[in-house]
Every structure is written in C-alpha cells, then in structure tokens.
Amino acid sequence: MAQDPYVELTILPWGDRVECKPASGTNPEWKAKHKNVMELPYYGRPVPPNKPELMVRVMDAEMTRASRLIGENTVNLTKHIQYAGEGTQELVVELTDAKDKFAGRVFLDFEMVLKGLVEVRCLEAYNLKNVQRFIEQDPYVKATFLPADEDGFKQTKHTKAASGVNPVWTKKHKNVLKFRYDGQENGRLLIEVLDKEYTQKDRLLGTGALPLMKRVVNYRATPDDKSKVSIDLVDADFVPA
C-alpha cells in the first residue's frame with residue numbers, strides 16, 4: 001500500500017505548527033488541493049541564544065494509528081529572513097529518519113509576508129526648519145502608508161500640532177498612528193512634518209521614509225522592548241530639515 005506523506009512545519013522557538021493534507025507515494029507532489037500554502041507567525045528576532053528556525057517533518061498519515069515519521073530536519077531561517085520582502089525563496093531540506101539516516105529531500109517555497117497592525121508613536125523632533133518669522137510654528141506629523149492598496153487607496157494619518165522647532169508630541173496630540181499592513185511588498189511609511197496654517201496651505205518642514213520590513217525582521221521580540229527609531233528629514237529641495 002502506498003504511503004500518504006504530508007508536511008508538518010513548526011516555527012521555533014515559539015512552537016506554532018501547521019500541516020498540509022497528505023499526498024501519496026515516495027515522490028509526492030503537494031498542490032492546492034492538499035492545502036499546501038501554510039502560514040506561520042513570526043514574532044520578531046528571538047533573544048539569543050535562540051534563533052529563528054523552521055522544523056520540517058514529513059509524516060506518513062495512518063488511518064488506525066499515530067502518523068509515522070518519514071524524515072525531518074531543522075532550517076536556520078536567519079539568512080532567509082534578511083531577504084524578506086524580495087519574493088519567494090526555495091528551500092531544499094535534506095531529511096533524516098529516526099536512526100539519523102538519509103530519508104529524502106523536500107522542496108519548499110519560503111516567503112516572508114508582513115501582515116497585521118503597524119502602530120507608530122510620534123515622540124519628538126529636533127532642530128526643525130523654522131518657517132515662521134513673527135510667531136511660533138505649529139508642526140505636526142503626517143504619515144502615509146505606501147504602497148497604496150489595489151484600489152489606489154492610501155492610508156494617511158496625522159497627529160495634532162505641537163509647537164516650536166523642537167516639538168514634543170504626547171497623548172494630547174493624538175500621537176499614536178495605526179495602519180493595516182496586508183502583505184504589500186516594499187511596505188514603508190512616508191513621514192512628513194508640516195507647519196499647521198490657518199489662512200493658507202500647510203507648509204512642509206521636512207520629509208523622510210521608514211522601511212517597515214527591515215524594522216520587523218530585526219526587531220528583538222522581548223515584552224519590554226521599545227523599537228525606537230529616528231528619521232532624518234529633508235525639505236522640498238532635498239536640503240536636511
């Protein structure tokens with residue numbers, strides 16, 4: 001009777017696990033009908049000495065008893081995560097059985113896709129360009145998520161205005177901006193600091209960008225970590241602002 005192999009994946013060190021449906025034989029091919037697209041969460045760069053790993057196990061599905069191990073191996077994902085956002089990578093995993101003997105190879109397509117809620121807390125700015133001559137300027141942060149979605153819609157959020165060339169944005173300025181990230185490649189935030197005007201169009205003080213994928217894959221996943229980042233701004237003429 002032909003065996004019925006399926007793939008079981010576990011993301012380490014966290015232990016989340018998924019599996020596909022069984023195919024058949026010693027040269028199985030898993031297709032869409034086998035639910036061969038499997039998603040696992042990535043919680044950020046683990047605290048050393050832990051490292052991100054993918055445990056790959058190929059099991060033989062049994063009807064009347066527990067599934068039997070065909071072969072397994074563990075893949076260090078560190079270098080693969082560094083190419084996150086650059087498309088699909090092929091993993092060739094050599095399997096060994098329970099006696100540590102060669103048990104075949106399994107071919108996987110691996111891709112890091114960032115999904116979920118991105119929360120940005122605007123804190124402060126230093127030495128902003130001063131565009132006011134007689135009164136204090138009122139700078140606020142405007143953040144736009146790029147790229148736009150399939151319908152061309154761009155998520156844009158902004159804080160309330162603070163004051164001066166060294167503004168500090170706090171809770172009263174609605175300084176927490178939230179965005180939905182649905183796996184777009186090259187996801188980033190366009191950050192603009194503008195001076196609030198009441199009789200004319202708000203004036204741009206400076207602009208910069210925050211790449212999101214690199215922030216996520218390099219983020220150290222500890223409960224008390226604050227992933228704080230500074231952004232250098234340039235004005236409309238690309239002069240540091």
Side-chain angles (χ1 to χ4, degrees), residues 42-45 81-87 111-221 224-241:
Y42 176 73
Y43 298 102
R45 185 159 54 97
I81 289 173
Q82 296 309 309
Y83 295 101
E86 298 183 12
E111 184 176 7
M112 282 281 291
V113 178
L114 184 59
K115 292 184 178 182
L117 182 68
V118 177
E119 181 177 294
V120 178
R121 190 181 303 272
C122 304
L123 301 175
E124 56 195 352
Y126 296 102
N127 299 321
L128 289 177
K129 180 179 179 180
N130 192 351
V131 297
Q132 296 287 357
R133 295 182 62 185
F134 305 110
I135 60 174
E136 198 169 44
Q137 63 187 12
D138 303 308
Y140 66 93
V141 177
K142 175 183 174 183
T144 303
F145 182 90
L146 298 174
D149 65 19
E150 294 179 354
D151 298 322
F153 174 74
K154 293 180 181 178
Q155 301 178 70
T156 299
K157 307 288 179 66
H158 61 82
T159 68
K160 291 186 175 181
S163 61
V165 296
N166 298 303
V168 175
W169 295 283
T170 62
K171 186 176 180 180
K172 71 178 182 179
H173 300 104
K174 306 293 184 181
N175 68 329
V176 178
L177 311 178
K178 298 180 180 181
F179 303 87
R180 288 296 309 174
Y181 197 172
D182 294 320
Q184 298 94 327
E185 290 187 12
N186 197 25
R188 60 200 185 278
L189 287 177
L190 172 65
I191 305 296
E192 297 172 282
V193 179
L194 300 103
D195 178 35
K196 181 68 177 177
E197 297 282 356
Y198 298 93
T199 60
Q200 59 183 347
K201 183 179 179 181
D202 294 348
R203 286 189 285 185
L204 179 68
L205 301 176
T207 183
L210 175 62
L212 293 176
M213 185 62 78
K214 288 184 179 180
R215 296 301 306 174
V216 171
V217 300
N218 290 313
Y219 176 70
R220 189 181 301 282
D224 58 347
D225 186 26
K226 306 295 183 183
S227 186
K228 191 174 181 179
V229 61
S230 62
I231 301 173
D232 294 329
L233 305 176
V234 294
D235 64 17
D237 297 317
F238 297 99
V239 176

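Numbers here simply count residues along the sequence, with the first being 1.
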- Message: According to salt bridge (Lys or Arg N to Asp or Glu O under 4.0 Å), who are the partners of Lys160, at least two apart in sequence or on a separate chain?
- Response: none
- Message: Once side-chain hydrogen bond (donor to acceptor under 3.5 Å, both in side chains) is applied, what residue pairs with a partner in residues 167-177 remain, sequence neighbours excluded?
- Response: Thr170-His173
- Lys142: side-chain contact (heavy atoms from CB on, under 4.5 Å) partners, not counting sequence neighbours: Tyr140, Thr144, Thr156, His158, Glu192, Leu194
- Leu117: side-chain contact (heavy atoms from CB on, under 4.5 Å) partners, not counting sequence neighbours: Lys178, Arg180
- Under the salt bridge (charged side-chain N to carboxylate O under 4.0 Å, His left out) rule, what pairs show up with a residue in residues 194-212, not counting sequence neighbours? Glu197-Arg203
- Distance, nearest 0.5 Å, that separates OH of Tyr181 from CG of Leu189: 9.5 Å
- Message: Counting C-beta onward and ignoring hydrogens, is there a side-chain heavy-atom pair between Val234 and Thr207 closer than 4.5 Å?
- Response: yes
- Task: Could you tell me whether the side chain of Asn166 and the main chain of Asn127 form a donor-acceptor pair under 3.5 Å?
- Result: yes
- Rounded to the nearest 0.5 Å, the OG1 atom of Thr159 sits from the CG atom of Leu177 at a distance of 6.5 Å
- Message: I'd like to know whether Gln137 forms a side-chain contact (heavy atoms from CB on, under 4.5 Å) with Leu205, so could you lay out the CA-CA distance, the side-chain angles of the two residues, the decisive distance to 0.1 Å, and finally the verdict.
- Response: CA-CA 10 Å; Gln137 63 187 12; Leu205 301 176; 3.7 Å; yes
- Message: For a quick test of reading the model, state the closest non-hydrogen atom pair linking Gly164 to Leu128 and the distance between them.
- Response: O-CD1, 4.4 Å
- Message: Please enumerate all residues that pass side-chain contact (heavy atoms from CB on, under 4.5 Å) together with Ile231, with sequence neighbours excluded.
- Response: Ile191, Leu210, Leu233
- Message: If the condition is side-chain contact (heavy atoms from CB on, under 4.5 Å), which residues does Ser163 pass it with, not counting sequence neighbours?
- Response: Glu136, Asp138
- Grab the two heavy atoms, one from Pro167 and one from Ala162, that are nearest each other, plus how far apart they are. CB-CB, 3.8 Å
- Report the C-alpha distance between Val168 and Leu123 in whole Å, list the side-chain angles of each, state the deciding distance to 0.1 Å, and finish with yes or no for side-chain contact (heavy atoms from CB on, under 4.5 Å). CA-CA 6 Å; Val168 175; Leu123 301 175; over 6 Å; no
- Close side-chain approach of Pro147 to Lys154, heavy-atom, < 4.5 Å: no
- Return the set of residues passing side-chain hydrogen bond (donor to acceptor under 3.5 Å, both in side chains) with Arg121 (not counting sequence neighbours), or none when no residue passes. none
